[in-house]
Number of protein chains: 4
Amino acid sequence: MPLPRSGPVRSEAARQAILEATARLLVERGYDHLTMEGIAATAGVGKQTVYRWWPSKGAVIAECLLEGKLLTQPLRLPDTGDIRRDLTAWLGAIFTLLESDAGEGILRSLIAAAAEHAEVGRRLRDSLSGSESVSGRLERAIGTVPNLTEGAPVEEIAEALIGAILLRALSRAPIQPGDADRLLDAVLGR
Amino acid sequence: MPLPRSGPVRSEAARQAILEATARLLVERGYDHLTMEGIAATAGVGKQTVYRWWPSKGAVIAECLLEGKLLTQPLRLPDTGDIRRDLTAWLGAIFTLLESDAGEGILRSLIAAAAEHAEVGRRLRDSLSGSESVSGRLERAIGTVPNLTEGAPVEEIAEALIGAILLRALSRAPIQPGDADRLLDAVLGR
Amino acid sequence: MPLPRSGPVRSEAARQAILEATARLLVERGYDHLTMEGIAATAGVGKQTVYRWWPSKGAVIAECLLEGKLLTQPLRLPDTGDIRRDLTAWLGAIFTLLESDAGEGILRSLIAAAAEHAEVGRRLRDSLSGSESVSGRLERAIGTVPNLTEGAPVEEIAEALIGAILLRALSRAPIQPGDADRLLDAVLGR
Amino acid sequence: MPLPRSGPVRSEAARQAILEATARLLVERGYDHLTMEGIAATAGVGKQTVYRWWPSKGAVIAECLLEGKLLTQPLRLPDTGDIRRDLTAWLGAIFTLLESDAGEGILRSLIAAAAEHAEVGRRLRDSLSGSESVSGRLERAIGTVPNLTEGAPVEEIAEALIGAILLRALSRAPIQPGDADRLLDAVLGR
DNA sequence: TATTAATCGAGACGGTACGTCAGGTCTTACA
DNA sequence: TGTAAGACCTGACGTACCGTCTCGATTAATA
C-alpha cells in the first residue's frame with residue numbers, strides 16, 4: 001500500500017535535463033571539472049533539485065550509465081557465432097572510441113568516477129560487458145578457440161579483457177594496429 | 001651545461017616531508033580528500049613550496065610512486081625459475097593488499113590519480129610491474145606453460161593481468177580463494 | 001520596477017555582524033592589519049558573504065561610517081547659539097578622542113582608508129562635519145565673529161578646520177592646552 | 001671610536017636604484033600596490049639589499065621624500081614680499097599638481113604612507129611647507145593682511161592651510177577656479 | 001699580499017591573506 | 001509538496017608578498 005501523498009510529483013523533465021546536462025559536461029570537461037553547481041545551471045534547475053534525488057555526482061553519473069546516456073552506440077558485443085570475430089569487432093569499436101578526442105577522456109572520467117563510487121564501478125563494468133555478458137558468450141564458445149577448454153575460467157578471462165582496456169585508457173598508451181588481435185591472442189590463445 | 005646559479009638550493013628536507021605527508025594522507029583519506037593545503041600543513045611547509053616544485057597533487061603522487069613511498073614492500077615479483085609459482089606469489093601479495101582495509105582504498109586512490117594525471121598512470125603501471133617488468137619475465141618463460149608459445153604477445157598478457165587487478169579494485173568484488181589461480185589460468189592457460 | 005525574484009533574502013544578521021566586526025578590528029588593529037578574512041572570521045560568516053555585498057574592505061568601512069559604527073558619540077557639533085563656544089566644545093571632543101590610545105589610531109586608520117577609497121573619503125568628511133554641516137553653522141554665525149563677514153567662504157573655513165584636524169592626526173603632533181583655541185583663532189579671527 | 005670594519009661599503013648605485021624604483025612605482029601604482037618585492041625587482045636588486053637598509057616600504061618612501069624624488073619641482077613657496085601673492089602662486093602649483101592624473105594619486109599615496117609611518121607624516125608636512133616653513137613666512141607678514149595681527153597663531157594658520165589641501169586630496173572634490181583664493185580668504189581674511 | 005668580513009644578486013623558505021569556486025544546507029516565493 | 005533561485009557557512013584553490021635565510025661571487029679595509 002503506497003503512502004498517501006499530496007503535492008506535485010517528481011518532475012521527469014527536470015530529471016532528464018539533469019542527466020543530459022551531466023552527460024554533456026562529463027564528456028566536455030572531464031570528471032574532476034564536473035560540478036553539481038554546473039549540472040544544475042546547465043540543466044536550468046535548482047541545486048536542491050539535484051541533491052534531492054542524488055547524493056553525489058557519482059550517483060548522477062551512475063544513473064547516466066544506466067540510462068545509456070554515456071557509452072551508447074557502438075559497444076554492443078555482436079553475435080555471429082564466431083567468438084573471435086565478435087570480440088575483434090567489439091574491441092575495435094572500443095579502441096576507436098578510445099582514439100577519438102572525446103572518447104579518450106570519457107573512459108578515464110568514468111574510471112575516476114568508479115574509483116570514488118562503488119555503484120559507478122559496477123555499472124561501468126556492466127556497460128562495458130555489453131547487453132549480454134562477455135563471460136556468458138565465452139562460456140558458449142568453449143571448444144572453439146585454443147584457450148577456451150572445458151571448465152575454462154571465463155569470468156576471469158572477461159575480467160582480463162576489460163581490465164586491459166581500462167589499463168590502456170589509464171596509461172594513455174597509443175593504440176597500434178594489431179593491438180586488438182594481440183590482446184585476444186593473449187587471453188584466447190592463438 | 002647547466003646555468004650557473006647562486007642562491008639557496010632546494011631543501012631536501014622539505015621535499016621528503018612533502019612526499020611523506022602525501023603518502024600518509026593518500027592512504028588515510030583517499031585521493032579526493034587529499035588536498036595541496038593538507039599536504040603542506042602536514043609536512044609543516046608553506047603551500048608555495050609545494051607549488052614551486054609540483055604543479056598538482058597528481059604530480060606529487062607520481063613522485064611518491066617513483067620514490068617507492070607507496071606500494072613498496074610486497075609487490076616485487078619473485079624469481080624462482082617457475083613463472084607460474086612466481087606470479088601466484090606476486091598476485092597473492094597484491095590480493096592480500098587489496099583485502100586489507102588500508103590497501104583497498106590505496107589502489108583505488110591511485111587509479112583515481114591515474115585517471116587525472118598521465119604520469120601517475122605510467123608510474124602506477126611500472127610500480128605494479130615490479131622491479132623487473134612482468135612481460136620480460138613472461139618472455140623468458142616461453143615454452144614452460146601452455147599459453148606461452150613462441151611469439152606469444154607477452155606485453156598484452158601482462159596488460160591483461162595488471163588490468164584485471166585494477167578492475168578488481170574498481171569493482172570492489174570480494175576476493176575469493178582460488179581467484180589468483182583462475183586468473184593465471186585465464187592468461188597462461190591451464 | 002524591480003525584477004521579481006524568489007529565493008532567500010539578504011541576511012540582516014550577517015550584515016550587522018560584519019559591520020560590527022569591521023569596526024572592532026579597525027579600532028583594535030588599524031587599517032593595514034584589517035583583513036577581509038579577519039572580518040569574516042570575527043563575524044562568524046563566510047568570506048563569500050562579505051565579498052557578495054562589498055567589493056573591498058574600504059567599502060565595508062564606508063558603510064560602517066554611514067551606520068555610525070565608528071566616530072559615533074562625541075562628535076556632534078553642539079548648538080548653543082554661540083558659534084565659538086560650540087566649535088570649541090566640538091574641537092575639544094575631537095582632540096580628546098585623538099589623545100586617547102584607541103582614538104589616535106582610529107582616525108589615522110580612517111585616513112588610510114580614505115586615501116584608498118573615494119567613498120570613505122567622502123563619508124569621513126561628512127562624519128567629521130557632524131549631523132549638521134559645520135559650514136552651515138558658520139553661515140548662520142556670520143557677523144558674530146571677526147572673520148565671518150558677509151560672503152565669507154564658509155565652505156573653505158570648514159575645510160581648513162577639518163583639514164587641520166587630519167593633519168594633526170597624521171603628523172602625530174602632541175596636543176597642547178590651548179591648541180583648540182589657537183586653531184579657532186586662525187580660522188575665525190580673534 | 002668606530003668599530004673596526006672590513007669589507008665593501010654600501011653601494012650608492014643600489015641605493016639610488018631603489019629610491020628611483022620606489023618613486024616610480026609609487027606614482028605608477030599607488031601606495032597599496034607598492035611592494036618591497038616589486039621595488040627590489042624593478043631596481044634590479046636583491047630583496048635583502050632593501051631590507052638591509054630600510055625596515056619597511058614607509059621608510060623607503062620617507063627617504064624618497066627627503067631626497068626630493070617625489071614632489072620635486074613646483075612646490076617651493078616664492079618670496080616676492082607680498083604674502084598673499086606668494087601663497088596664491090604656491091597653492092596654484094599644488095592644485096595644478098592635484099588636478100594632473102599622476103599627481104592626484106601621488107598625494108593620496110603619500111597620505112596613506114603617512115597614516116602608517118610617523119616619519120613619512122613628518123617629512124610630508126615638511127615637503128609641503130616648502131624649503132622655508134609657511135609659518136615663518138606668515139610670521140614675517142604680520143600686519144600686511146587682515147587676519148595676521150600681532151600674536152596671530154601662524155602655526156595653526158599654516159596647519160589649516162596644509163590640512164585643507166590634504167582634505168581636498170582625500171575627498172577628491174574637483175578643483176574649481178577661485179578655490180585657492182577662497183581658501184586664502186578663509187585663513188587670511190579678506 | 002693574503003685574510004677576512006660585509007656587500008651584492010638571487011631566490012628558497014614558512015607564512016598570511018588574497019579573491020574565486022564549489023560543496024552541501026537552508027530559505028523564499030511560486031505553482 | 002516540488003521547484004527555480006540563490007544566500008549561507010565551509011573549505012580548498014592557486015597567487016602574491018611578507019620578512020628571514022642561505023648561497024656563491026665580489027670587494028675593500030686589516031693584518
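Letters A, B, ... mirror the listed sequences (proteins, then strands); counts begin at 1.
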Mind calculating the distance between CD1 (D:Ile39) and P (E:dC8) to the nearest angstrom? 15 Å
Regarding C:Arg15 and the six-membered ring of C:Trp53, is the cationic atom NZ or CZ under 6.0 Å from the ring centre and inside 45° of its axis? no
Side chains of D:Tyr31 and C:Glu116: is there a donor and an acceptor less than 3.5 Å apart? no
Between atom CD1 in D:Ile18 and atom P in E:dT7, what is the gap in whole Å? 13 Å
For F:dC8, does OP1 or OP2 lie under 4.0 Å from any side-chain N or O of C:Trp53? yes
Rounded to whole Å, the CG-P distance (A:Asp32 to E:dG23) equals 12 Å
Does C:Arg24 come within less than 4.0 Å of C:Glu28, counting only side-chain N to carboxylate O? yes
Can you tell me the distance, in whole Å, between the CG atom of A:Leu25 and the P atom of E:dA22? 11 Å
Choosing from F:dC8, E:dG19, F:dC17, which nucleotide comes nearest the side chain of C:Tyr51? E:dG19
C:Trp54 atom CH2 is separated from E:dG19 atom P, nearest whole Å, by 15 Å
Rounded to whole Å, CG of C:Leu34 lies from C1' of E:dC18 at a distance of 13 Å
Output yes when at least one side-chain N/O atom of D:Arg52 is less than 4.0 Å from OP1 or OP2 of E:dC8, else no. yes
With the threshold set at 4.0 Å, does a side-chain nitrogen-carboxylate oxygen contact exist between B:Lys69 and B:Glu63? no
Distance, rounded to the nearest Å, where A:Arg10 contributes CZ and F:dA4 contributes C1': 16 Å
Side chain proximity check, C:Glu67 to C:Gln16, heavy atoms < 4.5 angstrom: yes
Just how far, in rounded Å, is C1' of E:dA12 from CZ of B:Arg15? 15 Å
Among F:dA4, F:dG14, E:dG11, which nucleotide sits nearest the side chain of B:Met36? F:dG14
Take A:Pro55 and C:Gly38, find for each the nucleotide of DNA chain E with the closest heavy atom, and name the residue whose nucleotide sits nearer the 5' end. C:Gly38
Scan D:Leu66, D:Leu71, D:Leu110 and name whichever one has a side chain to side chain contact (heavy atoms under 4.5 Å, CB included) with D:Ser127. D:Leu71
More 5' along DNA chain F: B:Pro8 or D:Glu37, using each one's nearest nucleotide? D:Glu37
Identify, residue by residue, the members of residues 41-50 of chain A with a heavy atom below 4.0 Å from DNA chain E, and return them in order of residue number, or none. A:Lys47, A:Gln48
Would you confirm whether B:Arg123, through its side chain, and B:Gly121, through its main-chain N or O, come within 3.5 Å as a donor-acceptor pair? no
